[in-house]
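Beneath this line is the structure, given in structure tokens, with notes to follow.
Just the heavy atoms: all of them, side chains too, but no hydrogens, waters or symmetry mates, feed the values below.
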Amino acid sequence: MTRIDPGASDPGAGPGSAPGPHGIGVGTASGAVGAFAEPIRRVSAGWIAAFATVWFGVWMAQLTPVQLLLPAQIDAELHPENWVDSVVAFGIISGIAAVATIIAYPLTGAMSDRTTSRFGRRRPWIAIGALVFALSLVLLGFQTEIWAIGAAWVAASVGFCIMTAALTATISDQVPVGQRGFVSGWMSAPQAVGIIAGLLLVTELVAGQVAGYAVLALLLVLLAVPFLLRRDQPLLAADRARVTARGILSSLWISPRRYPDFGWTLLSRVLVSVGNALGTSLLLYFLMFGLKDENAEDDLIVLTLIYMVFVVLASLGLGRWSDRTGKRRVFVFVASGLQALAALLLALVPDLTVAMIAAGLLGAGYGCFLSVDQALATQVLPDAASRGKDLGIMNIASAVPQAIAPLIGAAAVVLTGSFLLVFVLSAAFAAAGAFAVARVRSVA
């Protein structure tokens, strides 16, 4: 298995390379062929539309429970005398889901790297993940015991990992470097739209917890169909790495000393994602108990809408700008700074109007970060033959913070009795992420 220097030129972009179907480059001059070649043909608008559509379904199904359904379900089940108990229970369930995520992401990514199905490497796993995710959400809606709620959410998180590990790998498989910032924007922009659409769906259009989860599950599957109908480059049996448990487990370690840019990018993503998750995952509780807001659910939708607008504008606009300039690090640095500023505003001025301003700053920072950092990540991967596994490891840095931040936030609330420390930590993590990405050397 040939290692590719992250700082080297694109292996599929040399003279004699020929484009394959749907933007999959087949490099001949470099020796990289078939599924392992660097893509050189720009993906079409139809491909991007299908890609954005599946991510819209994914984010709606993942973030609507995190933002509203799951904490409300836990609170309704516990009926605690002290509201902190509800926050702690939510944090513990999220923390357990984070452990499952750490295991599921790289393992399923590694398995997709080795899949020789005639339907391609990624499509079977996207379909499997969607079904596991959807069925788990349906089951979650019927649970009334805390342990069962936690178990169903862990299963849903595993389905999310299976699906998105394969989805993110398609960027490296099929999208050329000069288009990755813009395409990654279409992975992140639907996140914001998915949150607001999901919140409106379960608060205004669908009555009840069971129906809310069921509709999210149905939409998840339906919105995945257009992308599943797109062709995926099959992996030839001769190119398939030997599948052994020991081989897969040993491949999960990527030495930060040997591949420092991968290590710094991974660390930066962990830090910034924790900071963002701390700033957003406890918003409902912040409005309910921090600001004593009697219209907490309605105001959560307003804040999310503001956040959404800025995420979309920043992810698409700045992602394209990053492609045109060929620079990534400076955009990630600015994005981290905006998120830190937003968190400090929430910490120092706990007011609904200020929270709206902070939501805009947080959205702009995170939208820029999501699109540009994803493009950066695809440029520091150590091995073309293990993109799914390597991006699965990178995806841990995005998904685990969403799961573990409520636990960190709950601990901060227990220690202080307020949300001040939660937002101070959010700012500190985001700022630290900016300094980590500054250490990347092979990408401008």
Side-chain angles (χ1 to χ4, degrees), residues 1-14 27 30 32 36-40 106 109 168-169 171-172 175-185 188 251-276 318-340 365-366 368-398 401 428-444:
M1 192 175 295
T2 303
R3 289 279 172 181
I4 297 175
D5 184 351
S9 59
D10 296 348
S30 65
F36 298 153
E38 278 290 311
I40 57 176
T168 51
I171 298 177
S172 292
V175 182
V177 170
Q179 205 179 9
R180 286 181 189 172
F182 181 66
V183 170
S184 296
S188 53
S251 73
L252 299 184
W253 170 250
I254 298 177
S255 171
R257 178 168 296 185
R258 187 176 180 187
Y259 303 103
D261 285 354
F262 184 90
W264 286 117
T265 303
L266 181 66
L267 178 60
S268 172
R269 182 175 288 195
V270 169
L271 294 170
V272 173
S273 296
V274 169
N276 181 266
L318 297 178
R320 183 184 287 274
W321 190 8
S322 173
D323 285 337
R324 288 178 175 175
T325 62
K327 297 184 182 299
R328 308 293 190 197
R329 290 185 302 160
V330 64
F331 287 91
V332 176
F333 199 88
V334 170
S336 303
L338 287 174
Q339 291 177 83
Y366 200 51
C368 175
F369 179 81
L370 284 171
S371 59
V372 179
D373 184 71
Q374 182 63 35
L376 173 64
T378 65
Q379 292 177 245
V380 296
L381 298 180
D383 191 348
S386 59
R387 292 166 179 157
K389 181 265 296 179
D390 295 341
L391 282 172
I393 294 171
M394 194 67 72
N395 286 340
I396 290 173
S398 297
F429 274 106
F435 287 105
V437 81
R439 301 297 299 272
V440 174
R441 292 289 178 261
S442 64
V443 181

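Partners of Trp264 under the side-chain contact (heavy atoms from CB on, under 4.5 Å) rule, at least two apart in sequence or in another chain, are Pro260, Leu267, Ala436, Arg439, Val440. Listed by chain and residue number, nothing satisfies the ring-ring contact (aromatic ring centres under 6.0 Å, His included) test with Phe429 (two or more places apart in sequence, or in another chain). Scored by the side-chain contact (heavy atoms from CB on, under 4.5 Å) test, Leu338 finds Val334, Leu361, Ala364 as partners (sequence neighbours excluded). Take Thr378 and apply the side-chain hydrogen bond (donor to acceptor under 3.5 Å, both in side chains) test, not counting sequence neighbours, and it matches Arg180. Annotation: side-chain hydrogen bond (donor to acceptor under 3.5 Å, both in side chains) contacts of Thr168 (sequence neighbours excluded): Asn395. Considering only residues two or more places apart in sequence or on other chains, Ser273 meets the side-chain contact (heavy atoms from CB on, under 4.5 Å) condition with Arg269, Tyr366, Phe369, Ser398, Pro401.
Listed for the Ser322 side chain is a donor-acceptor partner under 3.5 Å among the backbone atoms of Lys327. Remark: the backbone N or O of Val380 is not paired with any side-chain donor or acceptor of Asp261 at under 3.5 angstrom.
Taking each heavy atom of Ser172 and Leu381 in turn, the nearest pair found is OG-CD1, 3.4 Å. Nearest approach of Gly433 to Ser336, heavy atoms of both residues: C-OG, 4.2 Å. Looking at every heavy atom in both residues, Ala375 comes nearest to Ser184 through N-OG, 3.8 Å. In this structure, Ala430 and Ala340 approach most closely via the heavy-atom pair CB-N, 3.9 Å. Here the closest heavy-atom approach between residue Gly365 and residue Ala335 is recorded as O-CB, 3.0 Å. Here the shortest heavy-atom pairing between Phe435 and Phe333 reads N-CE1, 4.3 Å.
Contact of the Leu266 side chain with the Ile393 side chain is registered, since non-hydrogen atoms from C-beta on lie closer than 4.5 Å.
A distance of 13.0 Å separates CD1 of Ile40 from CD of Gln179, quoted to the nearest 0.5 Å.
Partner Arg328 forms a side chain to side chain contact (heavy atoms under 4.5 Å, CB included) with one of Val437, Val372, Asp373 and no other, that one being Val372.
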